Amino acid sequence: MSVNTIQGYEPLTSETAIALARRLGLFEKSSLLDCQEIGDGNLNYVFHITDVHRKKGIIIKQALPYAKVVGESWPLTLKRAVIEANALQIFGSFAPDFVPKVYYSDERLAVTVMEDLSHLTIARTGLIGGKNYPLLSKHVGEYLAKTLYHTSDYGLGHGKKKEWAKNFTNPELCKITEDLVFTDPFFDSQTNDFEEDLTETVRELWNDGAVQLEAAKLKKSFITEQEALLHGDLHTGSIFASRTVTKVIDPEFAFYGPIGFDIGQYIANLAFQAIARDPENREVIYTHIQQVWETFQEQYTILWMEDNKDTFAGTDGYLDFVLKKSFQDALGFAGCELIRRSIGLSHVKDLDGIEDNGRRITAKKNAIELGKKLIKERILLTTIEDAIQLVKSRL
Ligand SMILES: Nc1ncnc2c1ncn2[C@@H]1O[C@H](COP(=O)(O)OP(=O)(O)O)[C@@H](O)[C@H]1O
Ligand SMILES: CSC[C@H]1O[C@H](OP(=O)(O)O)[C@H](O)[C@@H]1O
């Protein structure tokens, strides 16, 4: 397959990115501008433009017509840029404290111009470096409650939600997740990528019919359940943090799906830290896992009570049912993410960055075993304490 030429689209260079910033009037006319391409993700260009004297910056993110990590042999829709810009604006309207401001977007050029967050640190990088972000998981819990409630049937009403869901069909990006998270790691697929020392563990996984059946059910939920507008790729590399501020970036995978998916991806990426750390440094990560769920549950409940468009909102047991389902879904999705980032395409630095071969292999085996347990036993777990106990039992 080759990349189609798209009318009016051209990849930006530092010069054309600066010209765009000037045209948009985002800097004073006399300012001296510097531009660096800083994208370290799998898919896009990210240009950081700064006014050299005033130290003020902006970010211009541009989608390429292919996946950057693989190259032109993997064409990928440019529509993801408009999905990302629209999702940032919607999430920003419901949770303004936790989302970068969007200054401009252009569908033809596939660009989103947004607030510069480079005074913050990507949470994954900070956590790997041993930094503590005391408010991170409370903030993420609040962000999740607000975005997942306000975009749902309960927040919007059935008609409006269906309209929104139509505007957020994102089949190409969803297919990446369907393949890379929910399918390929459970079979002997070409995209898988793991060390030889993991072969036996991986073969056991491929022969585990019970895991495959539960993974199939989780994949079905991901594909069929349009509960709310999800971020769709909420790992700790998609979150900027400081001790007091949290901002969620990169929602190009946004679509209407099961709300446990965002919660589960975040929990799994915290779990990578618990797995990678020495035992004495794990407790703070367990606290994060507890805080994100507790804050989500508390805030979601408040929103449900305040203004719910569903006639059944006050029916005894309905909110509990919704929360329990989301919790158990989240644990299953977390299990899939743990396995995928250990043996599938696109790993995490938390594990790959462990230099000692023996420690790294043990960490990945732990991640795979924990993933299997979460997938198979999620319906037996009813409290976040149960889930944390299960994580502890695998390390
Ligand atoms: N608003 C921003 N402010 C500062 N840096 C950013 C911003 N958005 C992205 N970046 C930088 O660019 C990197 C890649 O961005 P991301 O949106 O995750 O791209 P991709 O979709 O390719 O994964 C981030 O890890 C971060 O370093
Ligand atoms: C070839 S896409 C693989 C992987 O990349 C995305 O992550 P990011 O955009 O944050 O780098 C997403 O997790 C996809 O599954």
Side-chain angles (χ1 to χ4, degrees), residues 41-44 61 63 79-102 105 112 114-115 117 120 122-124 136-152 155-156 161 164-165 167-178 180-182 218 221-223 225-241 246-270 292-293 295-296 299-300 303 326 329-330 333-334 336-337 340-341 346 348:
N42 288 315
L43 301 176
N44 305 293
K61 178 167 174 177
K79 284 203 186 109
R80 66 191 196 271
V82 80
I83 295 262
E84 174 161 353
N86 290 344
L88 280 173
Q89 278 164 316
I90 287 177
F91 295 150
S93 73
F94 295 128
D97 290 348
F98 307 124
V99 181
K101 289 188 189 65
V102 173
S105 67
T112 307
M114 70 183 109
E115 185 181 351
L117 301 172
L120 306 173
I122 289 290
R124 187 188 307 286
L136 172 68
S137 294
K138 289 185 183 170
H139 285 168
V140 174
E142 188 179 335
Y143 160 89
L144 286 166
K146 288 181 168 166
T147 59
L148 297 176
Y149 184 80
H150 285 299
T151 61
S152 71
L156 290 176
K161 189 219 89 173
W164 285 33
N167 293 334
F168 277 97
T169 52
N170 196 355
E172 284 192 42
L173 282 278
C174 283
K175 177 147 185 2
I176 291 179
T177 308
E178 287 155 23
L180 298 187
V181 178
F182 290 110
L218 289 159
S221 298
F222 180 84
I223 291 173
E225 293 175 12
Q226 300 197 322
E227 291 180 342
L229 181 62
L230 310 189
H231 177 284
D233 192 25
L234 191 60
H235 54 78
T236 46
S238 296
I239 302 172
F240 270 108
T246 305
K247 301 275 181 187
V248 176
I249 62 165
D250 197 15
E252 73 196 302
F253 284 76
F255 79 112
Y256 263 78
I259 67 176
F261 186 70
D262 277 358
I263 305 166
Q265 284 221 313
Y266 180 67
I267 289 178
N269 281 273
L270 289 173
V292 71
W293 175 256
T295 310
F296 168 77
Q299 298 279 322
Y300 194 89
L303 295 170
S326 308
D329 284 355
F333 293 136
C336 295
E337 172 77 350
R340 170 273 170 107
R341 298 281 185 192
S346 183
V348 287

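Along the sequence shown, residues carry numbers from 1. From a predicted model like this one, the values you see are computed outputs, not experimental measurements.
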Sequence-distant partners of Arg341, salt bridge (charged side-chain N to carboxylate O under 4.0 Å, His left out), two or more places apart =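 For Arg341, the residues satisfying salt bridge (charged side-chain N to carboxylate O under 4.0 Å, His left out) (neighbours in sequence not counted) are Asp233, Glu337.
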
Given the rule in the ring-ring contact (aromatic ring centres under 6.0 Å, His included) test, do Tyr149 and Phe296 qualify, once you have shown the distances and angles that lead to the verdict?
-> CA-CA 10 Å; Tyr149 184 80; Phe296 168 77; 9.8 Å; no

How are the rings of [X] and [Y] set to each other: parallel, tilted or perpendicular (split at 30° and 60°)?
{"X": "Tyr256", "Y": "Phe168", "result": "tilted"}
{"X": "Phe94", "Y": "His150", "result": "parallel"}
{"X": "Tyr143", "Y": "His231", "result": "perpendicular"}
{"X": "Phe222", "Y": "Phe255", "result": "tilted"}

Does NZ belonging to Lys247 count more than 12 external heavy atoms closer than 6.0 Å?
->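 Yes, the 6.0 Å shell around NZ holds more than 12 heavy atoms from other groups.
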
Which atom of [X] lies closest to which atom of [Y], heavy atoms considered:
{"X": "Cys336", "Y": "Leu218", "value": "SG-CD1, 3.9 Å"}
{"X": "Leu303", "Y": "Ala145", "value": "CD1-O, 3.7 Å"}
{"X": "Arg80", "Y": "Leu173", "value": "CB-CD2, 3.9 Å"}
{"X": "Glu84", "Y": "Pro251", "value": "CG-CD, 3.6 Å"}
{"X": "Ala254", "Y": "Ile83", "value": "O-CG2, 3.8 Å"}
{"X": "Glu227", "Y": "Ile259", "value": "OE1-N, 2.9 Å"}

side-chain contact (heavy atoms from CB on, under 4.5 Å), paired with Ile239, selected from Ile249, Ile122, Leu136 |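 In the set Ile249, Ile122, Leu136, the residue that makes a side-chain contact (heavy atoms from CB on, under 4.5 Å) with Ile239 is Leu136.
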
Looking just at side-chain N and O atoms, do Glu252 and Asn44 make a donor-acceptor pair shorter than 3.5 Å?
->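 Glu252 vs Asn44: donor-acceptor pair found between side chains.
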
